[in-house]
> 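I have a structure here, written as structure tokens, and I will follow up with some questions on it.
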There are 2 protein chains.
Amino acid sequence: MESRCENCIVRQFNSLRAMSKEELKAVSDSKTTKTIKKGEPLFEEGDKLNGVYCVRNGVSKLSKLSSNGKDQIVKLASTGEVIGQRSVVAQECANLSAIAVNDMEVCFIPKETINHTLQKNPNFTLEVLRHMAHDLKEADDVIVNMSQKTVKQRIAEAFLYLKNNFGEDENGFLALSLSREDISNVVGTATESAIRIISEFKKKGLIHTSGKKVGIKNERKLVELVEGF
Amino acid sequence: MESRCENCIVRQFNSLRAMSKEELKAVSDSKTTKTIKKGEPLFEEGDKLNGVYCVRNGVSKLSKLSSNGKDQIVKLASTGEVIGQRSVVAQECANLSAIAVNDMEVCFIPKETINHTLQKNPNFTLEVLRHMAHDLKEADDVIVNMSQKTVKQRIAEAFLYLKNNFGEDENGFLALSLSREDISNVVGTATESAIRIISEFKKKGLIHTSGKKVGIKNERKLVELVEGF
DNA sequence: ACCAAAAGCTGATAATTGTCATAGTCTCCC
DNA sequence: GGGAGACTATGACAATTATCAGCTTTTGGT
């Protein structure tokens, strides 16, 4: 389980691929590997972050508590993604909480190592910038979806997203199975509303379920629903 | 009206302040100044951008068309802000349309000049990165507001935002006066709903209006409303 | 100053979504 | 394997928001 960043495949998917051999060595020497159990936090909103977390395994939900007492899940981060980068770059406290949806294995990289490379290696900085530009585009798109689509459309979209990003298991169920409550926190609705719509999708043959597990049955119709028939 | 970037005050508010004398000179030599009339676009979503726009005067709305045919305004950009940076950095087509809310005066800076500096000057890249980190935080906060707050709360928040960011005129009206339709596109609701709630605010003495102009009368109560009483 | 077009306003009604209450079902731990 | 607690499900109802229609006011151009 313990390994060197230089040999880590996960690196290929994030901005660390723009680091030089020497810089990677420094990261490898300063990093620590942590195991986070399902439901435990990597950090909570408001925390001062002393570094970033590179996800080797598992999925984390990034969420924020609204003044109405409900959590809104803003993003799901999985293998290869770096969590906490925004806060470290902006030198701010965490704007979101990061909680493990699964058992996770992450590498913690101290912010000094990151900041040092940011100042020395323009390619790395540019790579981080490109990733953040991508995240910003996604966030803008989420804003549009949240405000302009119905709950039904947003739930359909969430299922398609889960299939495309995390795949299916051998029985045709979504590989990442979220609780109904997490689903409602992703699409920004009441848990009961989400459950009702999921039941409706099941009745209409768009999906099949087994306990909390959900599988996509009629992808075409789900896509049509998202687009507005 | 024509001037050198080296002497431009606007620069202090954006990432161009991290440029060296020589780099600024290059920007100054390659830039062109444009006047955009109210209602006209700087660019539309899907356009290939050949550079960024630095706002000297006026305000632009950045919006995206949803599949239901409605525009969602994602951000308002005014004096000092650089528009189009995300697309140029990510080397993608514009994700949003930029339309002048006011008569505007902007400087167009070709992307070659920006990209060259991004690769040569890590301080500039880092500065752009910090700005984008800030934008991303704001976008995440908007997601939470959109999904967890009522239309009433979002409209109250929009008025407070307009006061804090654009100030008031001599008569106590918001200096930036948006049409009711623009307001509804900011908060993501139907124009009639926005109008209805604005009328209600007026009846309750939270705001005063005159034509399309709106002024804040009871800021404390508006804040309470946003927080949920 | 006038006229057309755009923007603002209001009511009636329908659709969507949230809330509260209650009951069934699953899961995990002892 | 049994039971506590969490999760899922459904009904009834209330609140919020959208839609459609018609009307008034404001605005901008000639």
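A, B, ... follow the sequence lines: proteins, then strands. Residue 1 opens every chain.
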> Salt bridge check, B:K64 against A:D141: does any charged N sit closer than 4.0 Å to a carboxylate O?
yes
> Any base atoms under 4.0 Å from A:T191, or only sugar-phosphate, or nothing? Heavy atoms, all strands.
nothing
> Measure CG/A:N68 against P/D:dA15 and give the value in whole Å, please.
18 Å
> Atom CD of A:E181 to atom P of D:dA9: distance rounded to whole Å?
14 Å
> Quickly work out the B:Q153 CD to D:dT16 C1' distance and round it to whole Å.
12 Å
> Figure out the CD1/C1' separation between B:I198 and D:dT25, and round it to whole Å.
16 Å
> Mind calculating the distance between NZ (B:K202) and C1' (C:dG8) to the nearest angstrom?
11 Å
> Within this structure, what is the CD1-to-C1' distance between A:I197 and C:dT17, rounded to whole angstrom?
8 Å
> When the distance from CD1 of B:I207 to C1' of C:dG8 is rounded to whole Å, what number comes out?
13 Å
> Taking for each residue the nucleotide of DNA chain C with the nearest heavy atom, is it A:K149 or A:E192 whose nucleotide lies nearer the 5' end?
A:K149
> If you count the non-hydrogen atoms of other residues, nucleotides and ligands that lie under 6.0 Å from NZ in B:K213, is the total more than 12?
yes
> Over how many whole Å does the gap from A:R180 atom CZ to C:dT25 atom C1' extend?
12 Å
> Select base, sugar-phosphate, or nothing to describe what A:S179 touches, counting heavy atoms under 4.0 Å on all strands.
sugar-phosphate
> Hey, is the main chain of A:E224 close enough, under 3.5 Å, to the side chain of A:E227 for a donor-acceptor pair?
no
> Whether A:K61 and A:D182 form a salt bridge (side-chain N of Lys/Arg under 4.0 Å from carboxylate O of Asp/Glu) is what I want to check.
yes
> 5'-most contact on DNA chain D: A:S147 or A:I195, nearest heavy atom basis?
A:I195
> Within the pair B:S199 and C:dT10, is there a side-chain N or O less than 4.0 Å away from OP1 or OP2?
yes
> Taking the side chain of B:S193 as its heavy atoms from C-beta onward, which of D:dT19, D:dT8, C:dG8 lies nearest to it?
D:dT19
> Check this for me, if you would: do A:R196 and A:E192 make a salt bridge, where the nitrogen-to-carboxylate-oxygen distance has to be below 4.0 angstrom?
no
> Looking across every strand, which nucleic acid part, if any, lies under 4.0 Å from B:K70 by heavy atom: base, sugar-phosphate, or nothing?
sugar-phosphate
> Checking contacts here: which listed nucleotide (D:dT17, C:dT17, D:dG11) is nearest the side-chain heavy atoms of A:R196?
D:dG11
